[in-house]
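Numbers restart at 1 for each chain; the letters A, B, ... are given by sequence-line order, proteins then strands.
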Amino acid sequence: MKSRAWLAIAAIMLLILSACTSVDDSDGETADGGEDTDTAETDDGGEEEPADTGGEEEEPADDSDDSSDDSGDSGDDGAVAQRDYRFVVVSHGQSSDPFWTVAANGVSDAGDDMGVTVEYQAPGTFDMVEMSQIIDAAVASEPDGLVVTLPDAEALSDSVQAAVDAGIPVISMNSGSDDFADLGVLVHVGQTEFEAGLIAGERMAEEGVTNALCINQEVGNTALDDRCGGFEEGLDGTVDVIPVDLADPAGTQSTVEGALSDEIDGILALGPTGAIPTLAAVENVGSDVALATFDLGPEVLTAIDEGRMLFAIDQAQYLQGYLPIVFMTKFLDTGALPLGSVDRVVLTGPQIVDAETAASVLEASEAGLR
Amino acid sequence: MSTQTAEPPTTTNSGDGSDDERVRSQSVLTRLLTRPEFGALVAVVLVWGFFAVVASDNNFISTQTTAAILNRAAPLGILAVAVALLMIAGEFDLSVGSVIGFAGMAIMLLVSSSDVGGLAWPLLPALVVALVITAGVGFLNGIMVITTRLPSFIITLGALFVFRGLATAIPRTVTNRTQLGGFDTIPGADAIVSLFGRKIDLFGARFDISIAWWLGLTLLAWFVLSRTPIGNWIFGVGGDDNASRNVGVPVTRLKIGLFMVTASAAFLVALIQVASFGGADSLRGELQEFNAIIAAVVGGVLLTGGYGSVIGATLGALIFAMVQQGIIVTGVDGDWFKVFVGAILVVAVVFNNFIRTQAQKR
């Protein structure tokens with residue numbers, strides 16, 4: 001009895017340990033050696049640089065000398081030069097939100113394409129305290145670069161500042177376009193939220209909407225508040241904000257059904273997790289309000305294609321995940337950054353996807369790339 | 001009763017048997033093994049050792065990572081210690097997470113300037129009133145549990161929703177927002193920030209001052225639980241509150257007091273967050289009620305009450321933080337964190353349970 005119980009405990013422990021290590025293995029397949037602490041000085045270290053296999057579209061800086069000895073990348077798609085960079089991406093996006101799966105796909109694709117190690121982290125709930133602690137832990141692990149979202153710049157400023165102070169290059173994405181520059185962040189990749197809301201409002205106004213709802217599935221995210229604010233200004237009418245729980249579609253549906261009244265003639269959802277139950281609510285009630293949403297998804301695109309929804313505001317979150325990894329890699333390689341406009345925001349949106357274009361991006365969306 | 005030391009009474013085989021257990025001599029090993037926090041101590045060593053090996057490439061053994069772990073453990077530990085006291089007394093408080101958000105909002109609504117919809121009170125009265133309101137939440141929980149005789153699980157589950165809802169609805173009604181910032185700009189905020197939100201540079205890393213609060217509270221709670229009559233009452237009430245009442249323990253006051261302690265701990269965490277992050281947010285503290293219970297249970301507190309230790313709860317919080325930060329440092333996708341926490345919870349409880357029953361057989 002006694003020994004069997006011990007065995008059971010040992011087995012469980014083993015299970016946990018093995019679960020972890022296997023995850024770890026599959027994650028770190030891009031072969032980062034031990035030497036990932038020295039950040040920017042990879043140009044001179046000839047021997048630990050796993051050799052660009054020449055020829056491709058990479059930077060001209062350091063592919064001249066050692067193109068002969070290709071050591072590391074005999075694996076899957078041999079053309080990619082492996083770099084000894086390790087980047088950590090910390091977003092606020094909840095795992096249950098399909099929007100963030102697409103962004104995370106962009107991150108990992110860019111990691112593969114650039115031949116760098118990327119790690120993607122997010123808090124379990126929309127919790128800025130937890131997120132700041134994740135950033136602290138990421139900074140403590142001394143990555144070569146850090147990519148963060150800034151849904152509440154004030155709460156995250158200390159942690160981001162600490163990363164900057166520690167000499168880690170930081171790029172922000174998705175949210176934080178107003179605040180990133182103050183924190184020492186190099187460049188921001190995303191859409192400006194207020195303007196995105198504004199465009200949605202103006203488009204709705206064209207449809208004759210005057211009295212609308214704004215469905216907020218992530219209460220507390222200032223970016224979403226900005227969208228509702230922009231929407232109200234663009235619409236030049238009345239906008240009621242309806243907070244819903246993105247993890248509870250049934251609850252969202254009933255909330256929206258309850259909020260639908262005769263005066264309401266338009267609804268803007270702030271993401272697919274709010275949009276799909278909202279669509280169900282509208283169809284359930286049999287209302288003919290004008291419905292639009294932020295961000296794509298196969299269901300959203302199908303609904304637009306079939307005319308059940310008006311349009312979606314796309315911010316190309318795949319690029320929001322992808323581009324920072326590319327920028328960071330090239331920044332470490334060459335020191336160059338795309339400071340495209342005066343305010344250092346690389347815009348990935350807003351772009352309106354409506355009935356004309358919805359079908360054409362459906363396939364990419366189903367593949368988790370739009 | 002009050003002069004005994006507070007070795008937790010073992011509720012399974014109580015006193016009056018033929019073989020008088022109270023005077024039986026126990027070996028040092030047995031006494032160590034029967035300590036409620038023993039399992040947690042072993043787990044601290046194991047978990048740390050595990051990450052030290054797996055994440056050695058990524059700087060796990062460093063002051064920065066240590067600071068990141070302690071900074072994370074501190075607020076959870078503050079909650080866990082209070083929750084452990086309440087759980088040892090046989091009750092639950094599921095509302096602490098919501099109360100963190102509620103208390104933070106209460107502070108910010110009182111002190112914010114009137115142009116954002118706040119009341120623009122001076123800082124000190126505002127903090128006192130916010131503390132009184134928050135402790136009042138605990139009082140309400142306690143009174144409800146005592147008068148309705150419903151399980152505290154249900155009462156505080158209700159409170160979880162009520163106060164999360166209030167933390168969202170009141171600020172949205174009054175200020176149109178669910179985040180209130182700008183705490184640093186309020187007159188007198190410097191003193192509060194340096195007491196609750198300061199970061200201290202030590203050995204090249206930044207340690208939150210909340211770690212000191214955490215350790216201080218752990219010591220205080222340890223002292224109360226093991227060196228004062230109140231501690232004996234807590235164990236007694238958790239074991240059998242009727243019997244305790246019959247020997248003159250003020251059960252009602254004790255339980256209400258303990259609910260007020262957990263609510264006040266939530267207030268302290270809220271204040272630390274307001275001071276460190278410059279404001280409040282409706283969603284602060286989400287799921288912390290469960291994390292605190294997990295920390296307490298991993299630390300050897302029995303769900304049925306009457307047994308446990310605050311040192312264990314503090315170690316439980318440390319384990320929790322080590323797992324969370326360790327996973328990030330290791331580079332494992334954060335989605336796996338909950339898998340680990342769940343597994344560690346079950347393993348720790350099985351391990352604690354096993355050690356205790358084995359040791360008591362000797």
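With sequence neighbours excluded, the residues forming a ring-ring contact (aromatic ring centres under 6.0 Å, His included) with B:Phe320 are B:Phe337, listed by chain and number. Listed by chain and residue number, B:Phe102 satisfy the ring-ring contact (aromatic ring centres under 6.0 Å, His included) test with B:Phe163 (two or more places apart in sequence, or in another chain). Scored by the side chain to side chain contact (heavy atoms under 4.5 Å, CB included) test, A:Asp178 finds A:Asp226 as partners (sequence neighbours excluded).
The part of A:Val241 that comes within reach of chain B is its side chain, from C-beta onward, which places non-hydrogen atoms under 4.5 angstrom from that chain. Contact annotation for A:Asn216: only side-chain heavy atoms (C-beta onward) come within less than 4.5 Å of a heavy atom of chain B. Within the 4.5 angstrom heavy-atom criterion, only side-chain atoms of A:Ser132, from C-beta onward, approach chain B. Proximity to chain B (any heavy atom under 4.5 Å) is shown, for A:Asp158, by both the backbone and the side chain.
Separation of atoms CG (B:Leu180) and CD (A:Glu154) is listed at 10.0 Å; rounding is to 0.5 Å. Rounded to the nearest 0.5 Å, atoms CD (B:Gln273) and CE (A:Met128) are 12.0 Å apart. Here the OG atom belonging to A:Ser159 is positioned 6.5 Å from the CZ atom belonging to B:Arg206, to the nearest 0.5 angstrom.
If you tally non-hydrogen atom pairs under 4.5 Å between each of A:Ala155, A:Ala104, A:Ser157 and chain B, the highest count goes to A:Ala155. Residue with the most contacts toward chain B among A:Val88, A:Val129, A:Asp136: A:Val129 (heavy-atom pairs, distance under 4.5 Å). Across B:Gly181, B:Ser276, B:Gly326, the residue that shares the most heavy-atom pairs under 4.5 angstrom with chain A is B:Gly181.
Here the closest heavy-atom approach between residue B:Ile328 and residue A:Glu119 is recorded as O-OE1, 4.0 Å. Listed here is the closest heavy atom pair of A:Ala140 and B:Ser62: O-OG, 4.4 Å. A pairwise comparison of heavy atoms in B:Val329 and A:Ser141 identifies CG1-CB, 3.8 Å as the closest pair.
Within residues 277-289 of chain B, the residues approaching chain A closer than 4.5 Å by heavy atoms are, in numerical order, B:Phe277, B:Gly278, B:Asp281, B:Leu283, B:Arg284, B:Gly285, B:Glu286, B:Leu287.
Side-chain N/O atoms of B:Asn71 and A:Gln133 include no donor and acceptor closer than 3.5 Å.
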Carefully, step by step, assess B:Gln179 and A:Asp152 under the rule side chain to side chain donor-acceptor pair (under 3.5 Å). CA-CA 9 Å; B:Gln179 282 174 326; A:Asp152 181 354; 2.8 Å; yes
